[in-house]
Amino acid sequence: MSFVLPARRQLPTGYVIEFITDVQGNWSYFCNLVQWSRYLGWKEEDPAGLILKPGCLLVFGGGVVDRGTADIRIARALVILQREYPERVHLLLGSRDVSKLRFAAELDTDVADDLG
């Protein structure tokens with residue numbers, strides 16, 4: 001099996017990178033990160049919707065799910081943000097995020113039968 005690496009991109013002049021990681025489903029903590037950020041904010045018309053200010057790339061380094069009760073809420077907010085700013089928002093999966101993806105497949109009897 002071979003892997004193709006994507007082409008490297010140059011950070012546009014004047015841009016900064018906002019890096020967030022390990023919110024672990026904690027909505028209060030996530031809201032505090034957004035409040036402290038110079039580049040993330042909340043949409044006025046949608047209190048759960050995020051905006052990314054100009055001049056910034058956002059990298060979410062994984063750790064969206066695990067301990068808190070807002071896993072889906074945070075994941076949805078980040079995915080919607082990535083769809084709105086596809087060239088400026090990059091979402092990475094952490095180990096716990098990946099393990100949660102496996103969970104659905106492992107519960108699916110058709111998949112389990114195929115795996116033996």
Side-chain angles (χ1 to χ4, degrees):
M1 178 185 301
S2 63
F3 295 96
V4 177
L5 295 175
R8 287 187 154 200
R9 292 181 19 192
Q10 188 72 24
L11 185 64
T13 302
Y15 273 64
V16 298
I17 296 174
E18 178 92 30
F19 183 81
I20 296 176
T21 190
D22 295 321
V23 295
Q24 307 298 347
N26 185 326
W27 183 252
S28 177
Y29 179 67
F30 183 69
C31 290
N32 284 337
L33 289 174
V34 173
Q35 179 182 349
W36 295 328
S37 172
R38 293 183 187 173
Y39 301 98
L40 279 175
W42 299 107
K43 292 181 178 179
E44 290 183 23
E45 69 279 4
D46 179 6
L50 294 168
I51 58 170
L52 183 61
K53 295 176 184 170
C56 179
L57 300 176
L58 173 69
V59 177
F60 184 84
V64 75
V65 301
D66 196 30
R67 298 182 188 107
T69 59
D71 296 350
I72 294 172
R73 187 177 186 187
I74 296 169
R76 181 176 289 127
L78 289 169
V79 168
I80 290 170
L81 184 70
Q82 198 276 331
R83 287 180 180 165
E84 291 179 6
Y85 306 96
E87 296 296 317
R88 298 195 298 133
V89 176
H90 306 277
L91 306 177
L92 306 176
L93 295 174
S95 60
R96 291 183 176 129
D97 303 322
V98 172
S99 71
K100 301 305 185 272
L101 291 172
R102 285 186 45 218
F103 190 64
E106 290 173 357
L107 291 177
D108 186 333
T109 57
D110 293 333
V111 173
D113 291 343
D114 291 343
L115 295 176

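Residue numbers start at 1 and run along the sequence shown.
In the hydrophobic clustering of this structure, L93 does not group with F30; members are Ile, Leu, Val, Met, Phe, Trp, Tyr whose side-chain heavy atoms approach within less than 4.5 Å, directly or through other members. Grouping the Ile, Leu, Val, Met, Phe, Trp and Tyr side chains by contacts below 4.5 angstrom, directly or via other members, places L57 apart from I51. Hydrophobic clustering, with ILVMFWY side chains joined whenever heavy atoms are under 4.5 angstrom apart, groups V59 together with Y15.
The heavy-atom pair separating R38 from K53 by the smallest distance is O-CD, 3.4 Å. Taking each heavy atom of L81 and L40 in turn, the nearest pair found is CD2-CD2, 3.9 Å.
S37 pairs by the side chain to side chain donor-acceptor pair (under 3.5 Å) definition with E18, not counting sequence neighbours.
Side-chain contact of Q24 with D22: a donor-acceptor pair under 3.5 Å is present, judged by distance alone.
Of the inter-residue distances, the one linking I74 atom CD1 with N26 atom CG reads 6.5 Å to the nearest 0.5 angstrom.
Residue pairs meeting the ring-ring contact (aromatic ring centres under 6.0 Å, His included) criterion with at least one partner in residues 32-81, sequence neighbours excluded, are W27-W42.
Side-chain contact between L50 and I80 is absent, with no heavy atoms from C-beta onward closer than 4.5 Å.
In this structure, L92 places its CG atom where more than 12 heavy-atom neighbours from other residues, nucleotides or ligands lie under 6.0 Å away.
Checked options L33, N32, D71; the residue passing with V23 is L33 (criterion: side chain to side chain contact (heavy atoms under 4.5 Å, CB included)).
Between the side chain of R88 and the main chain of L52, a donor-acceptor pair closer than 3.5 Å is present.
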